[in-house]
Amino acid sequence: MLRVLSRIPPGHVATYGDVARLAGRPGAARAVGNIMRAASIPQLPYHRVIAAGGRLGGYGGRESLKAALLMAEGLTVRRGRVLHFTRHRWGGAQATRRGTRASKLMEP
DNA sequence: CCGATGACCACCT
DNA sequence: CAGGTGGCCATCG
């Protein structure tokens with residue numbers, strides 16, 4: 001779970017659902033959110049975790065800050081959403097070419 | 001241990 | 001696109 005969060009590459013983002021799935025708990029997207037909120041390890045790139053569909057999701061209320069951080073990572077956020085989300089999505093870019101499944105590449 | 005929350009998600013209307 | 005519904009789960013009291 002947390003280990004997955006720490007593995008999100010800079011310049012890329014993952015949805016709560018994705019993280020949950022990669023952690024082996026599909027459907028635990030909600031729980032993932034709680035983990036961040038609880039923030040046992042505040043040094044993790046929480047801002048790289050966004051809601052499904054490229055929406056920002058929450059960030060302790062400061063979603064503007066989250067957007068800023070994402071922009072700093074090279075992404076483009078507009079009207080509360082990440083543009084070209086699928087391209088910056090963790091595993092999204094790789095998955096585009098041939099059946100390259102991202103799941104096996106990143107979660108040993 | 002149990003119940004209540006909530007930075008969520010997918011599906012349907 | 002907006003709004004409602006049911007489900008799944010880790011934390012906290």
Side-chain angles (χ1 to χ4, degrees):
Chain A
M1 211 31 90
L2 290 169
R3 59 203 224 94
V4 175
L5 292 176
S6 59
R7 285 170 155 64
I8 301 177
H12 292 258
V13 293
T15 69
Y16 294 91
D18 285 350
V19 175
R21 206 187 328 283
L22 291 173
R25 295 261 121 43
R30 211 163 185 172
V32 173
N34 279 358
I35 291 177
M36 315 267 236
R37 187 177 170 288
S40 5
I41 305 177
Q43 304 317 63
L44 268 47
Y46 293 127
H47 60 275
R48 290 183 200 149
V49 181
I50 63 181
R55 287 186 314 264
L56 282 188
Y59 200 72
R62 285 158 269 277
E63 74 177 69
S64 53
L65 172 60
K66 184 172 184 176
L69 288 168
L70 288 173
M71 302 278 254
E73 298 266 315
L75 306 184
T76 312
V77 180
R78 197 135 351 246
R79 295 198 325 267
R81 320 207 186 154
V82 177
L83 303 188
H84 302 156
F85 156 65
T86 55
R87 294 186 190 176
H88 298 111
R89 182 181 183 184
W90 188 23
Q94 297 102 303
T96 56
R97 68 190 134 183
R98 291 191 299 309
T100 311
R101 278 314 255 180
S103 42
K104 28 172 74 169
L105 298 177
M106 41 184 94
E107 236 345 87

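Because only heavy atoms are used, hydrogens play no part in the values below, and waters and symmetry mates are left out as well, while side chains stay in. Within every chain, numbering begins at 1; the chains are lettered A, B, ... in the order of the sequence lines, protein sequences first and strands thereafter. Just so it is clear, the structure is predicted and the values come from calculations on it, not from any experiment.
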Colleague: Nearest to the A:M36 side chain among C:dC12, B:dC9, B:dA7, which nucleotide is it?
Modeller: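 So the side chain of A:M36 is nearest to B:dA7.
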Colleague: Could you say whether A:G17 or A:N34 is positioned toward the 5' end of DNA chain B, judged by the nucleotide with the nearest heavy atom to each?
Modeller: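 The residue whose closest nucleotide sits nearer the 5' end is A:N34.
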Colleague: Applying a strict under-4.5 Å side-chain criterion to I, L, V, M, F, W and Y, I'd like to know whether A:L75 and A:V19 cluster together.
Modeller: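 Unlinked, A:L75 and A:V19 end up in two clusters.
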Colleague: Between P on C:dC1 and CZ on A:R55, what's the gap in Å once rounded to a whole number?
Modeller: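 Result: 11 Å.
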Colleague: Report the C-alpha distance between A:V77 and A:K66 in whole Å, list the side-chain angles of each, state the deciding distance to 0.1 Å, and finish with yes or no for side chain to side chain contact (heavy atoms under 4.5 Å, CB included).
Modeller: CA-CA 10 Å; A:V77 180; A:K66 184 172 184 176; over 6 Å; no
Colleague: Using a 4.0 Å heavy-atom cut-off across all strands, classify A:A28 as base, sugar-phosphate, or nothing.
Modeller: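 Contact class for A:A28: sugar-phosphate only.
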Colleague: Choose from B:dA7, C:dT11, C:dC9 the nucleotide whose nearest atom is closest to any side-chain atom of A:I35.
Modeller: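 Within the option list, the nearest is C:dT11.
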Colleague: B:dC9, B:dA7, B:dC8: which one has an atom nearest the side-chain heavy atoms of A:A52?
Modeller: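 Looking only at heavy atoms from C-beta outward on A:A52, the closest nucleotide is B:dC9.
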Colleague: Base, sugar-phosphate, or nothing: which does A:R25 touch, judged by heavy atoms less than 4.0 Å apart?
Modeller: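 The answer is sugar-phosphate, as A:R25 gets under 4.0 Å only of primed atoms, P, OP1 or OP2.
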Colleague: Rounded to the nearest Å, what distance is computed from the CD1 atom of residue A:I50 to the C1' atom of nucleotide B:dC9?
Modeller: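 It works out to 14 Å between those atoms.
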Colleague: Base, sugar-phosphate or nothing for A:R21? Non-hydrogen atoms, less than 4.0 Å.
Modeller: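 The answer is nothing, as A:R21 stays clear of every strand by at least 4.0 Å.
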Colleague: Would you say a side-chain N or O of A:R37 is under 4.0 Å from OP1 or OP2 of B:dT5?
Modeller: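 For B:dT5, OP1/OP2 do not have a side-chain N/O of A:R37 under 4.0 Å.
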